[in-house]
A.B. asks: 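Here it is, the structure in full.
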Amino acid sequence: MDAQDYMDVDDYSDADESDEAIDDFDHLAELVAFPRRAKIIRKRPDHFKVWRDDEFLNRFRLNKDTVKFLLRIIKPKIESQTSRNNAVTPSQKLSMTLRYYATGSFIATCADFAGIHKITGGKIIIEVSKAIAALRPDFIHFPTTDDEIRKVKKDFFNIAKFPSCIGAIDCTHIKIRSPAGNDAEIFRNRKQFFSMNIRTRNPIERSYGVWKRRFPILSLGINVRNLDTVQAIIVATAVLHNIARQFGDDEPRVTEEQENEIALTLFEQPHDINDQGRNQSIHRNRFLNYFNTLL
């Protein structure tokens, strides 16, 4: 059994943890109230071996092959630069971060799931999220070459009879923790919870609901204050969603509670069904008339 499969539960190094993981005051209070205990060694699970394929998908929101593909790409960026025997491996870092995206739980809960101390867990989520978000140019982009543009135009026309269209831009609310400070209320929306209004560029058949069902943290709430980290998590989940679509991953299960939270953040308007259909027809005709002038 490799030494890297184990953890030191009382690893209290790097006390200068940022607000995203745990308040410094809470950490200091913990050290004062609970002095160092004898080291306890606990096994870190190998999630690729522990779970069946369907269990793995529902816990991490991606298939095993998709996660292995991602791991090969980001491994050099998230390897621990240490010679310590108990260093957290890239695979363990990635699985814990995916579990965080899948549940929206407190960092301590996800760290316990992975056999990692909560302070270390918070740092890992930031590190891995930024590494995945850095893949954005490769997995989130409008068509750029002539061939790509022609193909997307053709697909749009075949689906909706919209000529000369190469993409769709829309907005959605991502639930977040209050960022605190004098400008916190800027992030409170009309439904009275804090959120970031995200504008994204979507492939034709993609919807925000599918994205949020794959990663419930987007609707349950990203419980960190630092907005740079929040943005990294949002972009990282978008990258992962596009990778999952490329691999043909199934949609994972969601609970009734998660469905309700997703519906809340989609901000659908309570129009009468007939009025809504009539309005959609009017808007569609306006778009068609405009695009016909471009032919």
Side-chain angles (χ1 to χ4, degrees), residues 2-7 11 14 20-21 42-82 84-140 211 214-218 222-224 229-250 252:
D2 295 337
Q4 66 187 16
D5 289 334
Y6 295 91
M7 69 168 288
D11 181 7
D14 297 323
E20 298 92 331
R42 186 171 64 187
K43 187 178 185 300
R44 293 192 186 117
D46 183 346
H47 296 292
F48 288 100
K49 296 179 179 178
V50 170
W51 309 110
R52 299 192 312 266
D53 290 348
D54 60 320
E55 294 173 331
F56 188 93
L57 173 66
N58 287 317
R59 282 166 175 78
F60 302 103
R61 321 309 280 180
L62 301 171
N63 289 336
K64 289 182 180 179
D65 287 343
T66 306
V67 175
K68 290 176 181 178
F69 166 79
L70 177 65
L71 184 61
R72 288 195 296 271
I73 297 175
I74 67 171
K75 183 177 179 179
K77 297 181 180 179
I78 63 173
E79 282 185 311
S80 299
Q81 303 300 315
T82 177
R84 291 177 55 186
N85 290 333
N86 295 333
V88 185
T89 67
S91 178
Q92 292 159 352
K93 289 182 178 182
L94 178 56
S95 63
M96 197 212 76
T97 302
L98 292 176
R99 184 62 180 167
Y100 178 64
Y101 297 165
T103 62
S105 297
F106 290 109
I107 292 173
T109 303
C110 296
D112 287 344
F113 175 83
I116 298 169
H117 190 273
K118 58 186 176 183
I119 294 177
T120 305
K123 291 184 175 182
I124 286 172
I125 288 172
I126 297 170
E127 177 188 26
V128 175
S129 296
K130 290 182 177 179
I132 298 173
L135 302 177
R136 179 190 57 78
D138 296 323
F139 295 100
I140 304 176
W211 179 29
R214 186 171 295 280
F215 298 111
I217 190 175
L218 300 173
I222 301 175
N223 57 355
V224 299
T229 302
V230 171
Q231 291 172 348
I233 290 172
I234 293 170
V235 175
T237 59
V239 168
L240 294 175
H241 178 74
N242 283 356
I243 292 175
R245 291 186 65 248
Q246 288 185 16
F247 273 77
D249 286 14
D250 294 331

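Here, residue 1 is the first one in the sequence, and each next residue gets the next number. The model shown is predicted, which means the values in this text are computed figures rather than measured ones. Because only heavy atoms are used, hydrogens play no part in the values below, and waters and symmetry mates are left out as well, while side chains stay in.
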A.B. asks: The criterion is salt bridge (charged side-chain N to carboxylate O under 4.0 Å, His left out); which residues satisfy it with R52, sequence neighbours excluded?
C.D. replies: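 For R52, the residues satisfying salt bridge (charged side-chain N to carboxylate O under 4.0 Å, His left out) (neighbours in sequence not counted) are D54, E55.
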A.B. asks: I need the minimum non-hydrogen distance between P90 and I78, along with the two atoms involved.
C.D. replies: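 Closest heavy-atom pair between P90 and I78: O-CD1, 3.7 Å.
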A.B. asks: How close do G104 and I217 get, heavy atom to heavy atom, and via which atoms?
C.D. replies: CA-CG1, 3.8 Å
A.B. asks: Would you call T229 and S129 a side-chain contact if the rule is heavy atoms closer than 4.5 Å?
C.D. replies: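 They are not in side-chain contact.
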A.B. asks: Check R44 against A87 and note the closest heavy-atom contact, atom names and distance.
C.D. replies: NH1-O, 3.7 Å
A.B. asks: Hey, does the side chain of E79 reach the backbone of K77 with a donor-acceptor pair shorter than 3.5 angstrom?
C.D. replies: no
A.B. asks: Are side-chain heavy atoms of I140 and V239 found at a separation under 4.5 Å?
C.D. replies: yes
A.B. asks: Which pair of heavy atoms, one from S105 and one from Y100, lies closest together, and at what distance?
C.D. replies: O-CE1, 3.2 Å
A.B. asks: Can the ring centres of H47 and F113 be said to be less than 6.0 Å apart?
C.D. replies: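 Yes: the rings meet the under 6.0 Å criterion.
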A.B. asks: Tell me the closest heavy-atom pair linking I74 and A131, and the distance in Å.
C.D. replies: CG2-O, 4.2 Å
A.B. asks: Please give me the minimum heavy-atom distance between I125 and I233, naming the atom from each residue.
C.D. replies: CG2-CD1, 4.5 Å
A.B. asks: Does R59 reach the main-chain N or O of R99 with its side chain, forming a donor-acceptor pair under 3.5 Å?
C.D. replies: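 The answer is no, because no donor-acceptor pair under 3.5 Å joins these two groups.
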A.B. asks: To the nearest 0.5 Å, tell me how far I124 CD1 sits from I107 CD1.
C.D. replies: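 The CD1 atom of I124 sits 10.5 Å away from the CD1 atom of I107.
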A.B. asks: Hey, does T109 have a side-chain heavy atom less than 4.5 Å from the side chain of T103?
C.D. replies: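 Side chain of T103 against side chain of T109, heavy atoms only: no contact under 4.5 Å found.
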A.B. asks: About how many Å separate CD1 of I116 and NZ of K93, when rounded to the nearest 0.5 Å?
C.D. replies: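 K93 atom NZ to I116 atom CD1 measures 9.0 Å (nearest 0.5 Å).
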A.B. asks: Identify the residue among N242, L240, I234 that makes a side chain to side chain contact (heavy atoms under 4.5 Å, CB included) with W211.
C.D. replies: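 The passing option is I234.
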A.B. asks: What's the spacing between M96 CE and D112 CG if we round to 0.5 Å?
C.D. replies: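 Output value for this atom pair is 10.5 Å.
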A.B. asks: Going from CZ on F247 to CG on L70, what distance comes out if it is rounded to the nearest 0.5 angstrom?
C.D. replies: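 Taking CZ in F247 and CG in L70, the distance rounds to 9.0 Å.
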A.B. asks: For F139, enumerate each residue passing the ring pair (Phe, Tyr, Trp, His ring centres under 6.0 Å) test, keeping only those at least two apart in sequence or located in another chain.
C.D. replies: none
A.B. asks: With side chain to side chain contact (heavy atoms under 4.5 Å, CB included) as the test, would you mind laying out the steps for D46 and F48 before giving the verdict?
C.D. replies: CA-CA 6 Å; D46 183 346; F48 288 100; 3.5 Å; yes
A.B. asks: Hey, does the side chain of K64 reach the backbone of W51 with a donor-acceptor pair shorter than 3.5 angstrom?
C.D. replies: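 Looks like yes, one N/O pair under 3.5 Å.
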A.B. asks: With sequence neighbours left out, write down each residue that passes side-chain hydrogen bond (donor to acceptor under 3.5 Å, both in side chains) with S91, or none if nothing qualifies.
C.D. replies: none
A.B. asks: Rounded to the nearest 0.5 Å, what separation is found between the OH atom of Y101 and the SG atom of C110?
C.D. replies: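 Taking OH in Y101 and SG in C110, the distance rounds to 11.0 Å.
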A.B. asks: What distance separates I243 CD1 from T66 OG1, expressed to the nearest 0.5 Å?
C.D. replies: 8.5 Å
